[in-house]
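Input: one structure, supplied below.
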Amino acid sequence: MNTSTQTAPATTVVSTYAKLHRASQVFGLVHSADGEVTVFRDHLARHLSNAVNITGKALGGDNPLRVTVHQQDGAMDAITLLKALSDCEQLVRYKDLGFVSAVEYLVHNPQYEDVVAIGNFWSSDPYGETARLNKLLADLHHGGLRQHVTTQSVGWQKQSDARWASIQSSIEGVFAANDTIFACKADLLHQDYVPKNKVQVMTRYDQLTQGQTFTHADVGQVQSWQRAFHTALSESITCQQKLLAWVYVTSYSRITGPYTTAVLLFDGAGVAPDEVHDVLQTSWNTATDGQGYCFHWSSSKCLWAGSIEPCDDIKRHGLLHGLECVALAEMYVRPHCLKNLSTFVVGNIFSELHKESEHGHP
């Protein structure tokens, strides 16, 4: 046990763009059965971070946002706003993703069509079109649904903050109570939804960009496999492979659909990495009746994977930062299939021992 007195690291302040950038990487990640991982990158993070920024200014505050013809005294000018609103418009292409209510209200508002007309005529009559733009902003601010969507947006934020607080408490509790930790990350998928190779991945990506949809695993089934995996894992690990903490994330790929990402922390004393990986593979096959695909993230692809010593702040912070980004991104964007579901399962050995004591077990 780590008995040295250490100052707890300050909570990292993660920017909106960082959260969305990490989330967009997950949405664009595709596994293939040949062991390859492909990540398709797009401009979702930029489009959505601009939308969040503009929405906050347009709907927040006691008074409507007003723009000027030319930039002056720190005020936003009309051209800057029009460019940002054009970015927002790109979000309608992501039909499988749902955005925070305030952003949806802005992007899908019937008056949004006026933005295009204002942009087209602005150069010929900048003062007149700026006045039209300010009228539109005032209408959005005073709209009857504004308070409703703002309240819903705050609700998403509170949910995400609570999830992150639970994850942070569980992980940091284990780090504080133990010396060496063996950390691993695994993506758990069903073979039926995994492309065979890179060629199939590229074909599906081309189809996605053309608007085609794919058959995905039912998210309820994915979470059922997740629970079965944890049960099998708990029954299979040895005393030497003591599982200290776990975070199961119901992840989403825009091509292969929902799947489970497992972040598992073991007691690092005497643990054999190959044996742990074998146990994970076996447990996932048990959960899926032999139809599972288990991808272990190596330390070359996941920099915090492997042994984490008490003094290794870089790995520890890397692990927490990645989970923080994914958890907090949910305050802005959620796949439609996961929109009303709990996507994180968090636990550690201390909470399990507490449950056992409550039920009268030794």
Problem set entry | Qualifying residues under ring pair (Phe, Tyr, Trp, His ring centres under 6.0 Å), relative to Trp225, sequence neighbours excluded | His190
Exercise. Between Asp206 and Thr209, is any side-chain donor less than 3.5 angstrom from a side-chain acceptor?
Worked result: no
Exercise. Residues two or more places apart in sequence or in another chain: which of them pass ring pair (Phe, Tyr, Trp, His ring centres under 6.0 Å) with Tyr17?
Worked result: His21
Exercise. Linking Ile, Leu, Val, Met, Phe, Trp and Tyr by side-chain heavy atoms under 4.5 Å, what else ends up with Ile255?
Worked result: Val30, Phe40, Val201, Met202, Tyr205, Leu208, Phe214
For this session: Salt-bridge test for Lys83 and Asp87: reply yes if a basic N is under 4.0 Å from a carboxylate O, no otherwise.
Result: no
Problem set entry | Members besides Tyr193 in its Ile/Leu/Val/Met/Phe/Trp/Tyr cluster (side-chain heavy atoms under 4.5 Å) | none
For this session: Mind checking ring pair (Phe, Tyr, Trp, His ring centres under 6.0 Å) for His336 and listing every partner two or more places apart, or none if nothing turns up?
Result: none
Exercise. Can you check whether Phe27 reaches Leu44 side chain to side chain, under 4.5 Å on heavy atoms?
Worked result: yes
For this session: Go through the structure and list residues passing side-chain contact (heavy atoms from CB on, under 4.5 Å) with Pro126, not counting sequence neighbours.
Result: Val69, Trp122
For this session: Mind checking side-chain contact (heavy atoms from CB on, under 4.5 Å) for Gln200 and listing every partner two or more places apart, or none if nothing turns up?
Result: Pro195, Lys196, Asn197, Arg204
For this session: Tell me whether Val326 is reachable from Leu341 by hopping between hydrophobic residues (I, L, V, M, F, W, Y) whose side-chain heavy atoms are closer than 4.5 Å.
Result: yes
Seminar exercise, completed: Residue set satisfying side-chain contact (heavy atoms from CB on, under 4.5 Å) with Glu330, at least two apart, ordered chain then number -> Ser160, Arg163, Arg334, Thr343, Phe344
For this session: Return yes if some donor-acceptor pair links the side-chain N/O of Ser86 with the main-chain N/O of Leu82 below 3.5 Å, else return no.
Result: no
Problem set entry | Set of side-chain contact (heavy atoms from CB on, under 4.5 Å) partners for Ala102, sequence neighbours left out | Thr55, Leu59, Ser153
Exercise. Is any side-chain N of the basic residue among Asp313 and Arg316 closer than 4.0 Å to the acidic one's carboxylate O?
Worked result: yes
Problem set entry | Sidechain-backbone polar pair: Glu309 side chain, Thr180 backbone, donor-acceptor under 3.5 Å | no
Exercise. Considering residues, nucleotides and ligands other than Ile314, do more than 12 of their heavy atoms fall under 6.0 Å from its CD1?
Worked result: no
Exercise. Are any side-chain N or O atoms of Asp312 and backbone N or O atoms of Ile308, one a donor and one an acceptor, separated by less than 3.5 Å?
Worked result: no
Exercise. Other hydrophobic cluster members with Tyr259, side-chain heavy atoms of Ile/Leu/Val/Met/Phe/Trp/Tyr under 4.5 Å, chained?
Worked result: Val26, Leu29, Val37, Val39, Leu189, Val194, Tyr293, Phe295, Trp297
For this session: Specify whether His277 and Phe182 have parallel, tilted or perpendicular ring planes, treating 30° as the upper limit for parallel and 60° as the lower limit for perpendicular.
Result: tilted
Seminar exercise, completed: Students should find that the hydrophobic cluster of Val199, defined by side-chain heavy atoms under 4.5 Å apart, otherwise consists of none
Exercise. Parallel, tilted or perpendicular: which fits the ring planes of His230 and Trp246, with parallel below 30° and perpendicular above 60°?
Worked result: tilted
Exercise. How would you list, by chain and number, every residue that makes a side-chain hydrogen bond (donor to acceptor under 3.5 Å, both in side chains) with Ser251, sequence neighbours excluded?
Worked result: Thr261
Problem set entry | Polar side chain donor-acceptor pair, Thr68 to Asp77, under 3.5 angstrom | no
